[in-house]
Q: 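Submitted below is the structure of interest, expressed as structure tokens.
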Amino acid sequence: MTKEEALKAFAYLGAVWFGNSKQHFAFSAYDRLNGWNKLADKWKEEAEEEWAEAEEVLTRLVELGCKPADLQEAMKTVEFPFCDDPKQQIESDYQPEAVKELSLLAEAFADDYPTRKLIEKWIDGEKDHMAWEAQYLHLIDKIGYENFLIAMM
């Protein structure tokens, strides 16, 4: 991956996290309205973390010399599913390949310590994110969907 491609991927990552943050806030609000407060709390926590990560990406991009006009392509709307069904919310968000993609991006910034360290921090966060989603999907399979929804109240 060239440096230019890495910067473009890094900018896209910021756009994705802003989009995910909005998506997860919507999931949280909807789930809370339906009484699934534990799941709503988890989505809200994720939304807040992703918003902070998006801000870190954009701050670092500016430090690397990107200007707002340079970020326009990355900030175009990225489509995210806004699901009503909690199981679909989790399934649509579960992206285990994200850790591999982040690892490749970290390698592309091997000579840029601050950027690489940010990405490595996000890899750990993404592993945690995938773990809780896998755990919830496993719980749904184990106890059934209705019992899962009751457990999320």
Side-chain angles (χ1 to χ4, degrees), residues 1-139 152:
M1 179 181 303
T2 68
K3 194 64 163 185
E4 185 176 307
E5 291 170 331
L7 281 172
K8 189 174 183 176
F10 194 58
Y12 180 77
L13 185 61
V16 167
W17 270 325
F18 273 127
N20 272 344
S21 181
K22 292 185 285 186
Q23 176 195 45
H24 292 165
F25 271 120
F27 290 171
S28 175
Y30 182 78
D31 290 352
R32 191 166 315 285
L33 181 67
N34 284 284
W36 304 308
N37 293 322
K38 291 177 184 173
L39 185 57
D41 289 345
K42 192 63 180 164
W43 283 128
K44 185 173 186 239
E45 176 186 322
E46 290 296 322
E48 290 168 350
E49 287 175 12
E50 287 160 346
W51 188 264
E53 290 165 343
E55 288 178 328
E56 288 176 324
V57 169
L58 294 179
T59 298
R60 185 65 189 138
L61 283 165
V62 170
E63 291 169 352
L64 292 170
C66 290
K67 297 177 183 143
D70 298 332
L71 303 173
Q72 184 176 8
E73 186 66 30
M75 295 306 294
K76 286 183 179 174
T77 303
V78 180
E79 291 189 32
F80 295 91
F82 284 81
C83 310
D84 300 336
D85 179 75
K87 183 179 180 187
Q88 289 176 346
Q89 292 170 358
I90 298 166
E91 289 172 337
S92 71
D93 195 63
Y94 184 64
Q95 304 289 325
E97 68 278 357
V99 172
K100 182 179 179 183
E101 291 170 11
L102 284 169
S103 296
L104 292 172
L105 189 58
E107 289 174 18
F109 285 98
D111 63 340
D112 178 350
Y113 181 79
T115 306
R116 185 176 41 104
K117 279 311 218 186
L118 275 176
I119 297 167
E120 289 171 352
K121 179 183 83 168
W122 299 328
I123 290 169
D124 291 339
E126 197 62 25
K127 286 177 182 176
D128 291 343
H129 183 78
M130 292 302 108
W132 78 259
E133 288 179 331
Q135 176 188 15
Y136 280 21
L137 291 171
H138 177 74
L139 188 59
M152 291 296 108

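Every value quoted in this text rests on a predicted model; they were computed, and no experiment measured them.
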Q: Atom CZ of F10 and atom CG of L105: how far apart are they, to the nearest 0.5 Å?
A: 7.0 Å

Q: Going from OG1 on T59 to CG on L64, what distance comes out if it is rounded to the nearest 0.5 angstrom?
A: 11.0 Å

Q: With no hydrogens and no angle check, is any side-chain donor or acceptor of Q89 less than 3.5 Å from a backbone partner on C83?
A: yes

Q: Holding to side chain to side chain contact (heavy atoms under 4.5 Å, CB included), I want the full list of residues that pass it with D128, two or more places apart in sequence or in another chain.
A: none

Q: Rounded to the nearest 0.5 Å, what separates atom CG in D41 from atom OG in S28?
A: 7.0 Å

Q: With a 4.0 Å cut-off on N to O distance, would you call D31 and K42 a salt bridge?
A: no

Q: Check whether D85 reaches the backbone of K87 with its side chain - one donor and one acceptor, N or O, closer than 3.5 Å.
A: yes

Q: Minimum heavy-atom separation for L61 to A11, with atom names?
A: CD1-CA, 3.4 Å

Q: Rounded to the nearest 0.5 Å, how far apart are CG of L58 and CG of L13?
A: 9.5 Å

Q: Can you tell whether the side chains of E4 and K8 come within less than 4.0 Å, N to carboxylate O?
A: no

Q: Nearest 0.5 Å, please: how far is CG in L102 from CG in L118?
A: 11.5 Å

Q: Out of the candidates Q95, E46, E50, only one should pair with H129 under the side-chain hydrogen bond (donor to acceptor under 3.5 Å, both in side chains) rule; please name it.
A: E46

Q: Check E120 against A106 and note the closest heavy-atom contact, atom names and distance.
A: CG-CB, 4.5 Å

Q: Closest heavy-atom contact between T115 and R60?
A: OG1-NE, 2.7 Å

Q: Between D111 and R116, does at least one N-O distance fall below 4.0 Å, as a salt bridge requires?
A: no

Q: Does W43 have its ring centroid less than 6.0 Å away from the ring centroid of F25?
A: no

Q: Is there a side-chain contact (heavy atoms from CB on, under 4.5 Å) between D93 and N20? Walk through the geometry before answering.
A: CA-CA 9 Å; D93 195 63; N20 272 344; 4.1 Å; yes

Q: Exactly one of F80, W51, Y12 should register a ring pair (Phe, Tyr, Trp, His ring centres under 6.0 Å) with F18. Which one does?
A: W51

Q: How long is the span from the CG atom in L104 to the CD atom in E97, to the nearest 0.5 Å?
A: 12.0 Å

Q: Please report the closest heavy-atom contact between A6 and M1, naming both atoms and the distance.
A: CA-SD, 3.5 Å

Q: Parallel under 30°, tilted from 30 to 60°, perpendicular over 60°: which one fits the rings of H24 and F27?
A: tilted

Q: What pair of heavy atoms forms the shortest contact from P81 to Q23, and how long is it?
A: O-NE2, 2.7 Å

Q: Establish, from distance only, whether the side-chain atoms of W17 and E56 form a donor-acceptor pair under 3.5 Å.
A: no

